[in-house]
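These notes are about the structure you will find just below.
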Amino acid sequence: MTVALSAPQSVVADDVKKGGEVQTIQIIGDSNAAQKVPGSAHVVSETELEEFKYTDVNRALQQIPGVYIQLEDGLGLRPNIGIRGTGTGRSGRITLMEDGVLIAPAPYSASSAYYFPTFDRITGIEVLKGPAAIKYGPFTVGGAVNLISRQIPVDAQGQLKLELGENNERRAYAYYGDSSDNFGYLIEANKHVTDGFKTIDRHGDETGFDKDDYVAKFRFNSDYSADVYQQLDIKIQHSTEDSDQSYLGLTDADFAADPYRMYGVSALDTFAGEHDQYVLSYYADLTNSFDLRVTAYRNETARNWYKTGAFIIEDPLNPGTTTRYSWSSIINTINSGGTNAVYFQSILDGADAPNDRIEITDNNRNYLSEGIQASFEWDFTVGEAQHDLQLGLRVHEDEEDRFQRNSYFIQQGGTLVLDQADAWGTAGNRVSSAEANSYYLVDTITYGDWIFTPGVRYEDVELKREDWANATDRSAAPNVRTNSASEVLPGFGALWLLSDNTSLLFGVNKGFAPPGNSPTDKPEESWNYEMGVRFAGESYNSELIAFYSDYDNLLGECTLSNSGCSIDEIGDRFNGGAAEVKGIELRVVGEFAENWLGSFSYTYTDTEFASTFDSNVWGPVETGQPIPYIPENQMQLSVGYDNADWNIFTNLNYVDGTCTKPACGAFQQTEDRFIVDLASEFDINESTSIYATIDNLFDDDSIVAREPYGARPDKPRTARVGVKFNF
């Protein structure tokens with residue numbers, strides 16, 4: 001068979017017969033293949049990921065232009081990723097995949113990615129933007145991110161990695177796998193623990209995490225000489241997370257005094273999560289021209305984020321009459337010196353509040369995402385044109401089940417004392433669900449010095465919410481609301497090979513994101529354009545692409561991290577009207593002298609709303625204001641020396657300060673940040689190596705976010721050392 005330049009939707013985890021041996025392919029393939037994709041496509045290989053030993057996907061994605069990160073916890077537990085101007089919150093506006101399978105807990109009905117694969121075990125990243133991403137919906141406005149897990153090895157091999165770091169960080173990672181003529185397997189285990197880098201007032205508790213992740217893969221295949229080569233792959237994954245994470249940040253004054261402080265009112269905040277994935281994939285090489293792949297998948301995610309969300313004040317003149325203040329409004333009041341600012345600050349500092357209560361919510365949710373996807377590939381020639389025709393479909397359903405409760409605490413002597421615990425269901429009792437059918441048809445046509453990719457995607461989505469309000473069970477009939485959307489999404493890409501090392505590209509596609517389940521919600525829609533030039537030299541590759549997205553309707557989504565949303569609106573999506581995003585992406589990577597490697601990425605982005613409206617997500621919006629958390633300038637420079645026995649790399653990353661709200665007023669901006677990371681590895685022998693890393697070498701402590709509730713830093717200077725045993 002022929003390996004396509006842009007392979008079908010389900011192929012990432014598939015091993016295919018080529019040249020008499022098992023070979024793993026991905027959506028794009030490698031960086032050289034990405035150069036020939038008629039659209040924006042980037043690959044971060046396992047070798048590149050190993051340079052800095054990052055355990056945080058945020059840092060790894062810095063080198064890809066057009067990708068934006070809204071930092072939050074400094075640990076990368078729940079990344080906020082956007083592409084070409086899409087919203088960054090909880091990566092809810094991109095198609096997020098692992099091995100070609102949708103990985104967000106409920107991609108259609110509740111797209112916020114409160115689960116993210118443990119990055120310690122990821123061996124590659126692929127990012128597709130523009131028309132190159134129309135096969136990987138539902139989100140086709142910005143693009144798709146595909147995380148590649150470790151593949152079953154061709155020959156017996158394994159690795160044990162042990163690591164220690166500051167803040168009592170410990171990591172143990174191991175895998176072993178092997179293949180025979182008709183069978184292959186991989187067993188993988190990861191344990192990652194840290195105390196974190198923040199300290200809670202009066203408690204001294206750290207704010208880290210404890211994560212376990214286990215993966216087993218099995219492959220059964222026919223003889224390579226069989227008339228029809230067939231292969232069955234099984235993947236089983238299980239992970240757990242316990243982390244002491246809070247949405248509560250700091251006032252600006254407290255941040256300036258100590259950016260790594262946590263208020264005592266967040267002492268009980270903790271996240272408990274569990275995730276299971278089951279994937280069954282079948283591949284058949286029917287003839288030299290026909291391939292078939294079918295993948296069934298099921299993702300089960302459970303989480304309870306027990307965290308403080310509000311402070312409730314009783315009116316002393318009217319006992320029993322209370323006012324609820326979110327911590328976001330309290331932080332804003334203190335920053336601006338508003339009414340009750342002194343009292344609010346005293347509560348944050350641990351003062352007694354015998355008549356007022358701190359609300360903590362069990363944000364208990366269960367998610368299910370399952371479906372079957374299939375792709376059919378046909379290679380054929382018509383005249384002088386070579387065609388790689390790909391037809392794909394996916395039948396998918398998902399749901400989010402919320403069953404939550406509030407507890408109320410009184411602060412006495414700087415300690416939270418339980419006053420009342422409500423019944424389960426009284427802080428939210430509802431199920432949001434979606435059923436979606438999607439299809440795509442893409443033809444990659446190679447004709448002389450041209451490569452064309454005309455294609456079309458179709459999304460048909462039915463959304464529903466069953467709401468029992470604050471009931472403690474589901475015996476009564478729920479309040480039901482429904483919505484639906486059906487969209488035809490055309491796309492076209494072209495690549496002109498001007499010479500052996502220079503090419504021009506052009507692309508256009510219609511962008512789409514599913515609406516919410518309210519009947520008034522509309523889909524997010526846009527027309528996206530890109531044009532650029534690529535150069536592939538003997539020692540380096542470069543790419544310069546200009547992009548433009550014209551939104552008919554930009555969606556916003558309410559989460560607890562958005563201060564303008566009420567409890568009843570959490571999870572809802574809101575129409576944001578017209579918007580424009582335009583920019584330039586530059587990427588240069590290569591070996592510029594013997595053993596000297598380097599890469600440079602730069603993104604310029606200009607965003608603006610094109611209409612005036614009021615939003616529960618962003619607040620009042622006026623024409624010309626920017627989309628929050630999209631920096632105008634960001635750049636990354638990586639330089640390193642590697643002679644195969646030892647290496648040393650440095651990574652420099654700069655990001656402009658951003659507006660956290662469209663108004664971009666006082667206390668609504670982040671600060672510029674400049675981060676330098678170092679990493680080095682030395683091979684003791686063929687099977688053993690030692691390494692050391694320093695993240696944030698110059699200890700930058702700028703404000704990198706103001707959401708959810710207050711100013712937040714990235715992690716401080718942090719050193720780690722480790723040893724690897726390969727066998």
Side-chain angles (χ1 to χ4, degrees), residues 1-34 36 43 45-47 97-101 123-124 126 135 146 148-159 175-188 215-237 278-297 372-381 386-392 442 444 446 726-727:
M1 64 163 288
T2 300
V3 178
L5 293 175
S6 184
Q9 183 164 332
S10 61
V11 306
V12 179
D14 292 332
D15 292 330
V16 299
K17 183 182 74 172
K18 183 182 179 186
E21 64 179 16
V22 174
Q23 183 178 24
T24 300
I25 63 176
Q26 292 83 37
I27 285 176
I28 303 171
D30 56 23
S31 296
N32 291 328
K36 296 183 179 180
V43 177
S45 67
E46 182 177 6
T47 300
M97 300 177 288
E98 180 181 332
D99 296 335
V101 171
T123 61
E126 299 176 314
K135 292 180 291 183
N146 182 51
I148 303 169
S149 69
R150 186 168 300 280
Q151 304 298 304
I152 297 173
V154 175
D155 300 311
Q157 63 175 259
Q159 183 183 92
Y175 80 87
Y176 186 81
D178 192 9
S179 291
S180 60
D181 289 343
N182 302 108
F183 177 71
Y185 70 93
L186 173 77
I187 305 297
E188 188 175 29
V215 178
K217 293 184 177 183
F218 305 95
R219 187 194 69 246
F220 303 89
N221 59 276
S222 63
D223 292 336
Y224 300 132
S225 58
D227 291 338
V228 176
Y229 175 81
Q230 300 179 77
Q231 180 173 305
L232 183 68
D233 289 274
I234 301 172
K235 176 184 177 184
I236 303 172
Q237 181 267 339
Y278 309 93
V279 180
L280 183 66
S281 298
Y282 171 77
Y283 165 76
D285 187 4
L286 301 174
T287 70
N288 289 333
S289 300
F290 293 94
D291 294 342
L292 172 68
R293 295 178 175 85
V294 180
T295 300
Y297 58 90
I372 298 176
Q373 59 190 34
S375 64
F376 181 80
E377 182 177 356
W378 179 25
D379 297 336
F380 61 94
T381 301
Q386 296 179 346
H387 293 257
D388 179 10
L389 185 65
Q390 301 167 26
L391 170 66
V442 176
T444 302
T446 303
N726 296 304
F727 48 88

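Quick caveat, the model's predicted, so the values are computed rather than measured. Count residues from 1 along the sequence. What you see below is based on every heavy atom in this structure, not just the backbone, and it leaves out hydrogens, waters and symmetry mates.
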Could you please spell out the steps behind the side-chain contact (heavy atoms from CB on, under 4.5 Å) verdict for Met97 and Glu126?
CA-CA 10 Å; Met97 300 177 288; Glu126 299 176 314; over 6 Å; no
Using atom types as modelled and distance alone, determine if a side-chain donor or acceptor of [X] lies under 3.5 Å from a backbone N or O of [Y].
X      : Y      : result
Asp233 : Leu280 : no
Ser289 : Phe380 : no
Thr123 : Glu46  : no

Apply side-chain hydrogen bond (donor to acceptor under 3.5 Å, both in side chains) to Gln237 and Tyr278, showing your working.
CA-CA 7 Å; Gln237 181 267 339; Tyr278 309 93; over 6 Å; no
Can you list the residues that meet the ring-ring contact (aromatic ring centres under 6.0 Å, His included) rule with Phe220, with sequence neighbours excluded?
Phe183
Quick check: closest heavy atoms across [X] and [Y], and the distance to 0.1 Å?
X      : Y      : answer
Ser179 : Pro153 : OG-O, 2.6 Å
Gln373 : Tyr297 : OE1-CE2, 3.9 Å
Asp291 : Thr287 : OD1-O, 4.3 Å
Arg219 : Ser180 : NH2-O, 3.9 Å
Asn146 : Glu98  : OD1-C, 3.9 Å
Tyr176 : Ala156 : OH-CB, 3.4 Å

How far apart are the C-alpha atoms of Asp223 and Asn182, what are their side-chain angles, what is the distance that settles it, and do they pass the side-chain contact (heavy atoms from CB on, under 4.5 Å) test?
CA-CA 6 Å; Asp223 292 336; Asn182 302 108; 3.0 Å; yes
Do Leu186 and Arg150 make a side-chain contact, defined as non-hydrogen atoms from C-beta onward lying under 4.5 Å apart?
yes
Is any side-chain heavy atom of Leu286 closer than 4.5 Å to a side-chain heavy atom of Leu292?
yes
Atom pair NE2 (His387) and OG1 (Thr446), whose distance is rounded to the nearest 0.5 Å
9.0 Å
Donor-acceptor pair between Gln390 and Asp388 side chains, under 3.5 angstrom
yes
Looking only at side chains, do Asn221 and Gln231 share a donor and an acceptor under 3.5 Å apart?
no
Given Lys217 and Ser149, is the side-chain contact (heavy atoms from CB on, under 4.5 Å) satisfied, shown in steps?
CA-CA 10 Å; Lys217 293 184 177 183; Ser149 69; 2.6 Å; yes
More than 12 heavy atoms of other groups within 6.0 Å of Ile372 CD1
no
Verdict with supporting geometry, Ile234 and Val279, side-chain contact (heavy atoms from CB on, under 4.5 Å):
CA-CA 6 Å; Ile234 301 172; Val279 180; over 6 Å; no
Residues two or more places apart in sequence or in another chain: which of them pass side-chain hydrogen bond (donor to acceptor under 3.5 Å, both in side chains) with Asp178?
none
What pairs with Glu188 under side-chain hydrogen bond (donor to acceptor under 3.5 Å, both in side chains), at least two apart in sequence or on another chain?
Tyr173
From Tyr282, Phe290, Tyr224, residue fulfilling ring pair (Phe, Tyr, Trp, His ring centres under 6.0 Å) relative to Tyr229:
Tyr224
